Amino acid sequence: PELAAEVLALWRNGEVLAAAGNRAEAARKWGMAAEQAAASGAGAAAAWLERAAGRLGDDTLVDSILDRATAFAGKDPAIGAAVWQSRGESWERRGDLEAAEEAYREALAARQRACGECLAMARLETDIGFVAQDRGDLDAAETAFRHALELRDKLAAGTPLPAYSLNNLGGVLKAKGQLEAAESAQRRALALLEPLDPDGEDVAQALKLLGSVTYARGDVAEAHALG
């Protein structure tokens, strides 16, 4: 967002402090910048600044910081989505996976109101999928990864993003014991990645994941051939 000169100065001061490793003081500076932005009527900018502060601050302070960000955001769904995403990240760091998933779903709903359909939604579906997988709900994880794949197939064809979603989907299908479906997902991921960068790390990772699936279904020779 566009920032007034005095707010921008505080922001840049915080950037210097963050780069020097003084995260707490950087967060304080950005909180001050947010208060000044809010006082001048720039609610969206204030919410954005508070969210930045929340990413740096101690997790014990994040909730109060993000409460202020939510108030500053008002009815702006794009800012609201960003704030809810930060809440999800904070809860995930603290190990409260149910709260994290709920926050990511709130972010997803707000993002949908803001953009209708966009790649940021795929990122949130991916976050939901990983949290659901970590708490053992493989069905919810599969659903989220499939939603992310649909969005990336539609909006990011020709980039590695659909393949990343296929890797995620393959992993959860393997965990569910659906090895043929997992292998199909991993082979499609590899087929998408090889033309983009045949010697790159993404291809190496896709080969490794495919090898783990072929090994799991008992084809040890192919697994070793894949590396």
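Model, not experiment: these values are computed from the prediction.
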*Asks:* Can you check side-chain contact (heavy atoms from CB on, under 4.5 Å) on Tyr164 and Asp202, steps first, answer last?
*Replies:* CA-CA 9 Å; Tyr164 297 161; Asp202 285 343; 2.6 Å; yes
*Asks:* Which residue pairs pass the disulfide bond (SG atoms under 2.5 Å apart) test with at least one member in residues 76-112, sequence neighbours excluded?
*Replies:* none
*Asks:* Taking only residues two or more places apart in sequence, or in another chain, which ones meet Ser184 in a side-chain contact (heavy atoms from CB on, under 4.5 Å)?
*Replies:*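 For Ser184, no residue satisfies side-chain contact (heavy atoms from CB on, under 4.5 Å) once neighbours in sequence are set aside.
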*Asks:* Tell me every residue that passes side-chain contact (heavy atoms from CB on, under 4.5 Å) with Ala204, counting only those two or more places apart in sequence or in another chain.
*Replies:* none
*Asks:* According to salt bridge (Lys or Arg N to Asp or Glu O under 4.0 Å), does anything in residues 162-175 pair up with another residue at least two apart or in another chain? List the pairs.
*Replies:*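 Non-adjacent pairs meeting salt bridge (Lys or Arg N to Asp or Glu O under 4.0 Å): zero.
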*Asks:* For residues 106-121, which residue pairs qualify under salt bridge (Lys or Arg N to Asp or Glu O under 4.0 Å), counting only residues two or more places apart or in two chains?
*Replies:* Glu117-Lys154
*Asks:* Could you pull out all residues at least two apart from Glu150 that satisfy side-chain contact (heavy atoms from CB on, under 4.5 Å)?
*Replies:* His147
*Asks:* Are Leu193 and Leu210 linked, directly or through intermediate hydrophobic residues, by side-chain heavy-atom contacts shorter than 4.5 Å (ILVMFWY only)?
*Replies:*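 Same cluster.
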*Asks:* I'd like to check the side chain to side chain donor-acceptor pair (under 3.5 Å) partners of Asp137; sequence neighbours left out, ordered by chain and number.
*Replies:*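 Expected list: none.
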*Asks:* Sequence neighbours left out, what passes salt bridge (Lys or Arg N to Asp or Glu O under 4.0 Å) with Asp96? Give chain and number order.
*Replies:*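 By the salt bridge (Lys or Arg N to Asp or Glu O under 4.0 Å) rule, Asp96 matches no residue at all.
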*Asks:* So which residues get pulled into Leu10's cluster when ILVMFWY side chains under 4.5 Å apart are joined, directly or through others?
*Replies:* Met32
*Asks:* Is the number of heavy atoms from other residues, nucleotides or ligands under 6.0 Å of Glu102 CD greater than 12?
*Replies:* no
*Asks:* Quick check for you: to the nearest 0.5 Å, what is the distance between Asn167 atom CG and Lys208 atom NZ?
*Replies:*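 The NZ atom of Lys208 is 11.5 Å from CG of Asn167, to the nearest 0.5 Å.
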*Asks:* Can you tell me how far CD of Glu25 sits from CG of Asn13, rounded to the nearest 0.5 angstrom?
*Replies:*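 Going from the CG atom of Asn13 to the CD atom of Glu25 covers 8.0 Å.
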*Asks:* Are Phe145 and Leu151 connected in a single hydrophobic cluster, I mean Ile/Leu/Val/Met/Phe/Trp/Tyr linked by side-chain heavy atoms less than 4.5 Å apart?
*Replies:*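 No, no single cluster joins them.
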*Asks:* List the atom pairs, with distances to 0.1 Å, where a side-chain N or O of residues 126-136 and a protein N or O form a donor-acceptor pair under 3.5 Å, not counting sequence neighbours.
*Replies:*
residue : atom : partner : partner atom : Å
Thr126  : OG1  : Ala122  : O            : 2.8
Asp127  : OD1  : Arg123  : NE           : 3.3
Asp127  : OD2  : Arg123  : NE           : 3.3
Arg135  : NE   : Glu101  : OE1          : 2.6
Arg135  : NH2  : Glu101  : OE1          : 2.7
Arg135  : NH2  : Glu101  : OE2          : 3.3

*Asks:* Please list, chain by chain and in numerical order, all residues satisfying side-chain contact (heavy atoms from CB on, under 4.5 Å) with Asp199, sequence neighbours excluded.
*Replies:* none
*Asks:* Return each pair, listed once, that meets disulfide bond (SG atoms under 2.5 Å apart) where at least one residue sits in residues 76-168; pairs must be two or more places apart or across chains.
*Replies:*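 Matches after skipping sequence neighbours: Cys115-Cys118.
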